[in-house]
Structure formats: structure tokens, C-alpha cells
There are 2 protein chains.
Amino acid sequence: MMKPIPRTSVPGASRGAPASWSLPRALAVACLLVTQLAHADLKPAPSSALPAEDGYRLWLRYVPVAGPWRSRYRAGATELVGADASPTLRAARAELLRGLTGLLQLQPQSMTSVTRDGAIVFGTPRSSALVKSLPLDLRQAGTEGYLIRTLTIDGHGATVIAANTDVGVLYGAFGFLRLLQTRQPIRHLDIASSPKISRRVLDHWDNLNGSVERGYAGDSLWKWESLPEYLSPRYTDYARACASIGINGAVLDNVNASPFILTPFYLRKVAALAGVLRPYGIRVYLSVPFSAPVSLGKLKSADPLDPRVQAWWSAKVAEIYRDIPDFGGLLMKANSEGQPGPEDYGRTQAQGANTLARALAPHGGIVMWRAFVYTTAARSEDRAKQAYDTFKPLDGKFADNVLVQVKNGPFDFQPREPFHPLFGAMPHTHLMPELQITKEYLGQRTSIVYLGPLFQEVLRADTWTRGAGSTVARVIDGSLYGERLTAIAGVANTGSLRNWSGSIFNQANWYAFGRLAWDPDLSARDIAAEWVAMTFTSDPHFLTPVVTMMMESREAAVDYMTPLGLAGQMAAQTHFGPAPWVAPSAGLPPDWSSTYYSRADASGIGFDRTATGSDAVAQYSPHLAALWGNPATCPDDLLLWFHHLSWDYRMRSGETLWDSLVGHYDRGVAWVKQARATWSTLAPYVDPQRFQLTANFLAIEQKDAQWWRDASIAYFQSISHRPLPAGVAAPPDTLAHYEAFCVPYVEGTPAPGPGCPPADLAVPR
Amino acid sequence: MMKPIPRTSVPGASRGAPASWSLPRALAVACLLVTQLAHADLKPAPSSALPAEDGYRLWLRYVPVAGPWRSRYRAGATELVGADASPTLRAARAELLRGLTGLLQLQPQSMTSVTRDGAIVFGTPRSSALVKSLPLDLRQAGTEGYLIRTLTIDGHGATVIAANTDVGVLYGAFGFLRLLQTRQPIRHLDIASSPKISRRVLDHWDNLNGSVERGYAGDSLWKWESLPEYLSPRYTDYARACASIGINGAVLDNVNASPFILTPFYLRKVAALAGVLRPYGIRVYLSVPFSAPVSLGKLKSADPLDPRVQAWWSAKVAEIYRDIPDFGGLLMKANSEGQPGPEDYGRTQAQGANTLARALAPHGGIVMWRAFVYTTAARSEDRAKQAYDTFKPLDGKFADNVLVQVKNGPFDFQPREPFHPLFGAMPHTHLMPELQITKEYLGQRTSIVYLGPLFQEVLRADTWTRGAGSTVARVIDGSLYGERLTAIAGVANTGSLRNWSGSIFNQANWYAFGRLAWDPDLSARDIAAEWVAMTFTSDPHFLTPVVTMMMESREAAVDYMTPLGLAGQMAAQTHFGPAPWVAPSAGLPPDWSSTYYSRADASGIGFDRTATGSDAVAQYSPHLAALWGNPATCPDDLLLWFHHLSWDYRMRSGETLWDSLVGHYDRGVAWVKQARATWSTLAPYVDPQRFQLTANFLAIEQKDAQWWRDASIAYFQSISHRPLPAGVAAPPDTLAHYEAFCVPYVEGTPAPGPGCPPADLAVPR
């Protein structure tokens, strides 16, 4: 028999309530159903009829299922059979209970054996004799994956969620709930799912002072001042959200790291967080500065070949593992943007990484060593070439527990770049991609830019390093070069704001990262559809237009910011808003200026990266070098990345380059207007709070897109001296106006942006 | 007839729900009552039975009333009679509906005339002919106050909430709801309440980059990047909370101000916020930098007597009033801690203030000019004397729309200081006190320190400037010197954290500030009791011990931090944790060191502020100067503020000063232990989330109190060379240990604290 949902408020009524409350319990229970079913999402109600939601519950809302699905699902979720042998299995049970109770408004009964049709059996062969006895081929599940199968057990139809490890069961529980959340049939299930990449890590750029570099969602999730004593319930909800999409690692602190994180004072706090995350399969990692042996250890040097330095790292790592036995490892940003590194001591990046690796190896820890290095090469050289030039010669020199962490593109998380030439170029080195979930260069908090298509574009990009099909995904999942240690990192967009990511649609990027980290072959569109169904509703009147909007949104941002392969046109430092006029100056290195990237002049626009220019294209496989090195065969969307072309260059479309450029800006703005119009029709399907937030944010995005378009056209026209195509509106203000406009303070950037009056206008102290 | 509560979820059920939902509406409605009544707070249930609360609702929780109060209150809230003639009156009605529906689980019906017993009539004579017709003496209500009276109207018993202004009605609505929330009888009401101080202002030290100086509750409430398009529902809830306690002004930005706030870019955003706050009677004010005419206006000077500077301020102020016609005015921190000011141009503080005042006067705006000035006097002079020395000679020189904003004490928001000697000393100048709600020097986020007693101590302090009874309250409410412009400021403790103030108990300080700003004669204990009843429960098993704990908490913090009149012993910059050993150094001005304040040496401890020392005591009235200037008559709790005394000095208790000092530290720690024990017994009365947060924070406070006690005793013993009294435990570590210990990052302070290894250990970039 199914048991009605206990709500904390109902038991109270039968627990000695005054006479005037004494409606029979059965009635009270019946009412709860009525009350809660009214939230059902089958039919759109006027938006005011949906209770306001603030986005806290992310894609784990578990709102009641209505209509025929409800009875179908109820029939398949009558009882739960599984052991609570570990904190992770208890978390799996708790999530199944929470999810099913919310979705079905009935709580399945917990049993020790299958007693009726519709049982859900979960566990591992070790935790459950029943699971062990079932005819399941658990090899398909690997170490972290799971099977979900419909089986007959003791004469009853049952759904089995089985895995080799407890965390596999937890992932399976979330996978099963996702089926219900997205309205999939559950009567005949035969699912095997396991992650293709073994370390799926969020990099939090959270500073110990509570700020978040490039964070657009409030301050840090980690409340250091009240750790380890106070464990906010939010830490657990963070872990649930991560586990629900298979994320199994978190680097807690910023890559621009503070050595204080390695003091006992902070390590106690880190250990407390690790304790909260552990049941959810999430290991903790830390970013550390290369100079820690000097600043913290009081050594004279941080030379990685100095035995005292090596001993210091070994002792420090051992200290970490004493309190955190499953500590994941260290992330290092070295010789990059002012950070110290091995090159300060005449050592290679590999020598630096290997010193850390040796300290971690006895404990099973790894080093994630960032390839984002550009201090060594002369700054006059093409910035896009420097990571390759630094790391390619070191292939095969890294210890086996080192991963070189490579940004998706050769520059820095732009709206569009080609994939990073290191992918495929270091067959004897573990490479892990670093994707950016936080939208540093893509409109930050308020824009709607779904990054699924960007992530997918990178993962599916063909490096051609072993012929056709040598995609980035195959490089990093180990199938191309046979690595066993595989990993992927995403720079998190989480913060202390109630809705976690600054906006509702930004949540989709966290979700998409997790799903693609689990399986890089998933489609961005399918992921968007899943997310929409779970976060809003599966009603196709809403889902279809919203998925379309999401899928188009990133290309729209490329259009209104940096079309045709342009990059680096954002305001320096804040990276918010257009600043194509920013030229190198005393305070600004050339490669932190915009003109360095656009190379716009009277003769044309674009960065010549062919043999006549920086020859960066030669860092790619010969097939791609030939294809991309020729403007006639280079795809439009990378054209100005690789080529400097006349303003009058004829595009394949027949337009001139100038006309095409202007057209892209206009297309971007037009898209945002259209998205606003679309969203405005969708109020009936969304609660008023999330509807309004998104509507207002789209209004902001339209304003920002227009600003990008107007400022960019005004600037480039001042260089091209070409007329605007017929019918195209001139920017309403002068270039001088756009240059003078400044956004002094931007979230995630402590200092006022350039273009703004400096120093004396900054907030003192 | 009373109407049952409509809940958004219930109408849904009767609006075309599928067949399976078709329980009759009546049943559904009945159930809601059962469900919601189960939350009733009559009997303590085991804590797990109370639904978790995150503190967002502050003291406006409106949880159901149970037991006999419920029927009594229901009988007095049958229908609402009032006009919706303005946004403010609509806010009053909405609050009454929200409050009564939550408290009584029945929604009073809205009527146009009184039709039955128990009506609630609200309005002004202008908005309501009925109110106009009633025999009420509205002179008692003043411009912002209200009457709440039980009257017979058309033969029916009614409660009338009447005022001369719409905002008075809103305050009356909150006042009426407070009666229910605190379980007061409402059958025979004859209440007249009006504020004794006209401007009751929160100062937000919120930076435009989203951080909050001395903020311990997350980042700024104001989300500048999405204003003016997006008006977070949180802005309205902030306004409701403020209005509920009578706060009628908000300075939106930090006193360390950025000129950007005066750009059109930000002023549009300020205007949008002003629009949200306006219906709740809250005017917006801004902090501005004195140098704005230079940095923003591109003038060569900010000399207040320069006509171009005066014209610039006039034009800028006019620009503000164009968009914000009820703009409150400007707050200025000048010639203080590196801020520019009139003294840079050889002008007085009054000349500076009056230039702003002239710009504001035509629009009805005011200047709040901080007296926290200590750059001019030589830093070797007693810091505590400098504001008085600077401002006292300017008495009578300030324009009529200037208020000089004076911190409660002569130094800087310490756990205890004497009142500021300027109070009472400037009879021809409007003075407003600046209290600090955020606990910069009092343990910051995690300590439980109820500031009601501190505020009360200041307000009730007798300045003796016109003989006995010349209290600070009488100085600032205008009754002593007949000012008509009166004001009070509190430095806010609000932030973006869900619970607003960083902890539940910190909310009480916001509440107490508002209540005392309305009526400085209220008792801190009564306010605490009100707050506890509204925030937790009125059950005396909980209320009595918690009010006692609150009332004792500030003295406990004084005991474990800076007993006997000590001050300034916190870590420099972070102001968190003990650092009595910090001496003046190259990087640290003398008056930012600890030894400057303790003056501890072999001969004794304390700052001689008598005639043999700095003679700061002479800044007080002769009566007080005589009383405080003599150690035999100086109260113990100010002893070391005014006197340098031998370690062996005999206290009135008979103890030596050294023994007494040590005893205070121990008493402080013992108190926290006791508070923890008390709180641990109260779980049955509190929901688990708020219970746990508070329990964990008390654990942190105990650790911090012990640290303060141990470090302070270790340091002072190294100077006094006196043995510890019998039975007193020695600090477990050496002084060197405490000196080496550092808390590198503290909320509200961007840079690592001193005592920590500097520069190379800071977070880069």
C-alpha cells in the first residue's frame, strides 16, 4: 500500500491539537493532496496562479506531476527497497523520497523486499543481497555509472537502480527522477549510463575574502568565517545539485590563490566542507600559489627542484590528507598574469608540476596545471600562440598524475574562438579542458546566453590529429590516445544569491556543463530541453520556443559582440560592454587592448594568423591549417580570427566584409528583441517572480546589445570610412560619446573599468 | 461575514481541474485551515515539527495565533474599511491583509462602511469621510504618527487606525499588527504614537562594486547592474521591514563615497529604488565625496567658497531632484581617513557643509555632515578630543538644513565609550547621533550582541549641559534646545544574505534601532521582548530566558573584549579579534594602534584623560568632568577610558585593578558558555534551521571569547608582571602564539588583517 505524504504540518494536527482543530486526520491528508495538486503543471494557469519561485530549487523542483503521467508514475513507485549502508546510499534514498513525494504527492513505502508491483530497488551488490541476486551485467556501469532496469522480482514488476558503487546508485537515483521530471515512460527501462570522463570538476574562483572573481551571482558560497562550526544547509543543496548532474569535484578557491588556504586555520574549514560534500561523491580540490613554500613555508625559494621545497610540498600535502583522506588534488596557475611559477627559477612548467605531483602521488591526488601561460614569450608575439609554444615541447614530460588544464580556445573564453591547438597536440600528456560557465565575456549576470552550443562546438571540434573524427571529446575522454586519467573543468557560476547563478537561465549553463562532462556526446539541444522541463515545465507550448531561444542565444551574443571571428573587444578588466577603441598604453599591455585583436586599420580588419602573419594556424593539424589558412575555405565565423581582410573583401554571400560585419551586429540586436517578444507571451507558463526577472533581464540585454552594436559600428566605421548598407540605422551617438561612456563598477571586478576616470574616482580605501 | 483565506493553490483546484482532483472547494478550504493551524505556536512541539525557516521574514512572520487569542483577535478583525487613495494606503491595506490573514487564518472582508462588530477602519481625514467624521483628536498624531482607538461606529464596535498622513496610517497598521504579534489585548484601545525624531535614517555603507564596508551579511542589497530595469521583490520587503519600525530614510551608498553615484548612469538607478521605497515613507539620501566637483565636474578646485563649485553643486542637486522630487539630502564624510574636505582649501567644516546646504535648501533637502574628523589635529593629540575641538567652535555657524552627525562616542563604535562630548555642547547646531547597527567592533556576524542596551545607554546618558536630565535623547529630539530639525542615523547591518543581517539575533539590532529612533524613551528590554515574540514566539518559556540573554549579551562582549573602559584593542583594519600588542609602526598611525589606547606599561594601564593627561574630560560638563575626572567617583565601566592607574589600584570592590581586569575577561567567557547552555534547552520552541544557526554561532562566539580572554590576559600579564588570581586558568598558549595568529580575511574588510604576513600573502590582483 502506498502511504500518503506526511507533512510536518499534518502530524501536528493529530498530536494533541486543541479541540477546534480536530478535523479527522484522513480529511487533513486528503486536503493536502487537493492543495498540492493545484500546483500541477499540466495546464497553464494565469501566471498569478502559480506560486512565486525564487529559483533556489534549480532543476530539482519536483513539482507535482498531473494528468495521465501521474497515475503511470505512481504505479511505478509504490515502494522503495534498498539498504542505508552508507551516507551516500542514505542520500540516494532521501533524494528518491523527496523527489517522488514531490512529483507524485505520495510517499513510497520503505520495504526490505519487493512486495508488490511498482517497487523501486536500489543498491550495489555489496549493499544489497537482492541487487546481488539479480541478473544484471554491472560491467556496463563502471565505477561511477548505473543501470536502471525493469525486472520482475518475486513475481512483481520492479525498477532496479543498481551500480557498482554507492555514488553510482546516487547518480542512478537522480537519473531515474530525471525520467519523471522530463515525462519519460518508465515501464520498460533498460538504461546503462556511465561517465566518459572521470574527473568532472567545478572551479570556483572564490576568494577567501568572500568575493568571487568573475562572479555574477553575489559573493562566495563558502562562509569561511562561520566554518567549521556552522554548516549551512546550502552546502548540502549545492552538493545535491552537483551530484544530480554528475559533478564529482570542486576546487574551492580562486586560481589567483591565496597561500592562507594552506594554513591549518583554513584547512580545518576545508575539511568541514569536504565532509558535507563527500556523501554526494564530490571531492574537494584546492588552488594554491606556486610561491607558497616562500610565503607560508618561509623558505628562501620556491624552486621546484630544491629538495627543501619538495619536502615542504610533501609535508603540506600529507597534512591535508590527514584530515581529508579523499582530497582530490591541487590546481595551479603559474607564470600567468603576475603569478609566480617555475620559470622564475629557470625551470619548466613540467618540472613545476611534477614537484607537486610527487607530493600528491602517494595519496592518490592529482595536479591540474593550467596551460594559460603567457608571461614568458615576448608580449609582442601572438598571444594565441603562447600556451602551445610553452607546453607542446613538454609533451611526455609530465608525471602520470598531472593533467594540463587547457582553456577551450587559445585566447580567453571569448564568445567564439577556434578550439585550443594543444588539443590533440600532446598525445603523451593528460589534457583536460577548462570551460567557463560564468559568463565573463558573454554579458555576465543579465544576458540570456545558453552555453550548451559553445561547449558542444568545442567538444565536437575535429582536431584531425589522427585523421577525421579526432574530436576534442575523443582527445579528452581518453579514447584517442588511451589515457586513463581524464578530466574536465568548468569555471563555476555559483554564488550566494538565492537563485545560485544570478539569473534563472544562467542555471542552465551549470546544468549543461555537468551533463556534457558526464557525456560529451550529448546534444546541447537535448540538454536544454531536459533543463527547461525540469526548471519550468514540459508543456511544449513553453518548452519548444524556449529551447529554440536558448539554442540561438549564444550565436546572437557573438553577433552583437564579436562576429566573424573577432575577439577581445570588451572593456579591459571588467570585460563588460564594448570597447573596440582601447589601444595599448602605458598601463595596459598590448594583448590586454582591443586593437591588438581587431587589427582594424584603413586596409581592413582581422588578425593575420597565416604564414604571412603570426602563423598561429600552423599550430593546428595540416588539414585544418590548410582549410583555415585560406580565407576562401575558412569558415565565416573564424574568418577574422585567422585573416586580415579588406573592408571590401567579398564574402561567400556576395556581401562585402564591411556590410556583412554590420549585418551581424544588427542581427544580434534583432534577435534579442525577438527573444523579448517571445518571452512576453510565455507568462502563463511561469510563476510571476521568475517570469519578471527574466523579462527585465531581457530588457537589459536588449539595451546592452544595442550599445554593443552602436559603439562597434561607430568605431569600425571611423576606421573603414565605408557607408552603412542601405536601410541600416546609423548609431545614434558619436564615437566620442561611446568612448566616454563608462560602467564604473561591474560585479566580479573590484576596480572601476578603464575608459572610466581612474584613481581619484575609485572608491577610496 | 468573514471570508476564508484564498490561497493561490486553492482557486486553481476549482478552475478546470481534471476529474481526479475534484474534491469540493469547501473541503479544500477547510483543509487549508487544518494544515495551517498546525503551525500554531501555542504549544511547543519537538523542534523537528516546526517548518524550517531561514530568517527572511524577520519580525514580520505573521504565523498563526492559537488558543484563546485567536478567537479574541478574530472577533476584532472581521472587516477592513478604508480607501486605497494612494500607494501608501494600498501598502497599509496589503500589510493588514497579509498580517491578519497569516495570524488569524481568516481574511477580513473589504467593505466601504462599518457593517458589523470587529471592523478595522483605517485612513486619514482626507482619504476617508468616515475617518473625518469620527471624534478623534488627530493633533496627537503629528505628521507621521497615528491613533489606534476602539470606537463604536454605526452601532458596531470598531478599531480605528487614523493619522494625518498616509504614512501615519501605514505605521499605524504595523503598530496594530504588532499588538497581535505580541499578544496584547485589542478590545479597548486608545493609543497615540508619533515619532520623537523626524528623520530616522539607515546609513548603508554599500559600495557601488557590490561590497559592503563593515558588512557581515553578504554583499549589497542594491543590485546596481540590473537597475533600473529589474526591481527585485527584495527591495519591497526591505521597505516593509523599515516601515514596520518607522525608519523613513536610507542613505544608499558608503560614506567612503564614489563620485560615480552622482553620474546620470547611477542616478537613474537611484531614482528607481526611490520609487520602490516611496510608498513606504522612505526617502532616499546619498553619500557623496567632497571632491566631486573636481573628479566629476572637471573643475580645478572643490573649494566650497568658489562660485563655480557652488554652481556645480546646485546644478547637480537640481538634477537629482528632477527625478527624485522627495530626495532626502546628502551625507558627507570630509577630512576624515583620507577623504578630501573643506580644510584642504583652508575652509571650515561649516563652510563646506553650508555650500551643500545652499544647493539643497530650495528643494527641501538636508545635509548630514559627519563630525568624525581627525585628520587636521596633530595625530599625537588625543584622538578622542578631535571632533569636539574641530566642531565646538563652529556652533551656530551651520545653515539651518545642516545636521552634524556625531558618533555615539568620541572614538569609534567601541563596545563601550562615554557619550560623545559634542552632545549638548552645540546648542545652536542640529546634532544627530550616528549609531552603528552593524557589529564592526562587537564580534561581527557570529556573536550574539544585542545592542539595545548600548543604544539606550547613549540615549539616556545625561550630558548635564542644562543641569540634570539633559540627556542625549533630549538633545537630539529637540526638547532641550528647541531644534525643529531632528534626526538619527544607524549604520545598517543589512546585506544580500537570505536572513538579511547575517544572523537571526543581528536582526534584533536593526529592529531596536528603528524602535528607539521612533521613541528614544522605549526600554531596550521591552523592545527585546517585542522582537522575540515576533521573531520566535511569545511563549514565556522561551521569551523570558532569551530576553535575559539578549540584555546581558553586550556587557558580556565588553567583558571579554575591552572591560573597565578599555577600547581599541581589536586587530587593526579588520577590527576582528584581539590585538592588544599592536603598536604604532611605519604603516600604522598611532591612533590606529592598540597600545595608543590601552597605554599599558609597567606602572599601570589606562588613558589619562584628566587634567594631568589629555584633559579630554574637560570637554564634558563640569559636573561630569568632576565625577569622571576622579577615579574614586568615575564609574568602573569608564575607569580606564579616563584614568591611567596602577595595576595594584584598589577598586571599590576591594580587588586590585589587575585582578578585576582578569575577572572581567573570565566573566565574559563564562557568560557565553552559559548562553550556549541556555540556548541548547530551547530547541523545542524554534524551527531547526534557526535553532542550529544560532547554536553554531554561539559555539563560534565561545571560541572567539576564549581567544579574546586568553590573548588579552597573556599580553597584559607580560606588561603587568602580576600573577593571576587564585583559581584563574593561565592562557593555554604563549603570547607569541597569540601574536602570530592571524585571521587573514574578514568579511567587510577587503584586505588581510595586520598581524598576518602582508603583501606577498594577499590575494593577487
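So you know, we letter chains A, B, ... as the sequences are listed, proteins then strands, and number each from 1. These figures come from a predicted structure and were not determined experimentally.
Among Gly218(B), Ser496(B), Gly495(B), the residue making the largest number of heavy-atom pairs under 4.5 Å with chain A is Gly218(B). Interface check for chain A: of the options Leu231(B), Thr263(B), Asp219(B), Thr446(B), the most heavy-atom pairs under 4.5 Å are formed by Asp219(B). With respect to chain B, the highest number of heavy-atom pairs below 4.5 Å among Tyr266(A), Phe576(A), Trp224(A) belongs to Tyr266(A). The candidate with the highest count of non-hydrogen atom pairs below 4.5 Å against chain A, out of Ser226(B), Ser71(B), Ser220(B), is Ser226(B).
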Open item on the list: Before you tell me yes or no, could you show the steps for Glu747(A) and Asn209(B) under side chain to side chain contact (heavy atoms under 4.5 Å, CB included), namely the whole-Å CA-CA distance, both residues' side-chain angles and the distance that decides it to 0.1 Å?
Closed with: CA-CA 6 Å; Glu747(A) 274 192 289; Asn209(B) 70 359; over 6 Å; no
TODO: Dump the intermediate steps for side chain to side chain contact (heavy atoms under 4.5 Å, CB included) on Asp54(B) and Arg498(A), then the final yes or no.
DONE: CA-CA 12 Å; Asp54(B) 57 20; Arg498(A) 186 73 183 160; 3.8 Å; yes
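Heavy atoms closer than 4.5 Å to chain A are found in the side chain of Leu497(B), but not in its backbone. Neither the backbone nor the side chain of Tyr216(B) comes within contact range of chain A; no heavy atoms are under 4.5 Å apart. For Gln444(B), no part lies near chain A; criterion is any non-hydrogen pair under 4.5 Å. If you measure heavy-atom distances from Phe265(B) to chain A, the contacts under 4.5 Å come from the side chain alone.
The OH atom of Tyr230(A) sits 13.0 Å away from the CG atom of Leu698(B) when rounded to the nearest 0.5 Å.
For Asp253(A), there are no salt bridge (charged side-chain N to carboxylate O under 4.0 Å, His left out) partners two or more places apart in sequence or in a different chain. For Glu701(A), there are no salt bridge (charged side-chain N to carboxylate O under 4.0 Å, His left out) partners two or more places apart in sequence or in a different chain.
Using a 4.0 Å cut-off between charged side-chain N and carboxylate O, Glu229(B) and Lys703(A) make a salt bridge.
Contact between Ile700(A) and Glu225(B) at its shortest, heavy atoms only, is CD1-O, 4.2 Å.
Checking Ser258(B) against Tyr745(A) by side-chain atom types alone, a donor-acceptor pair falls below 3.5 Å.
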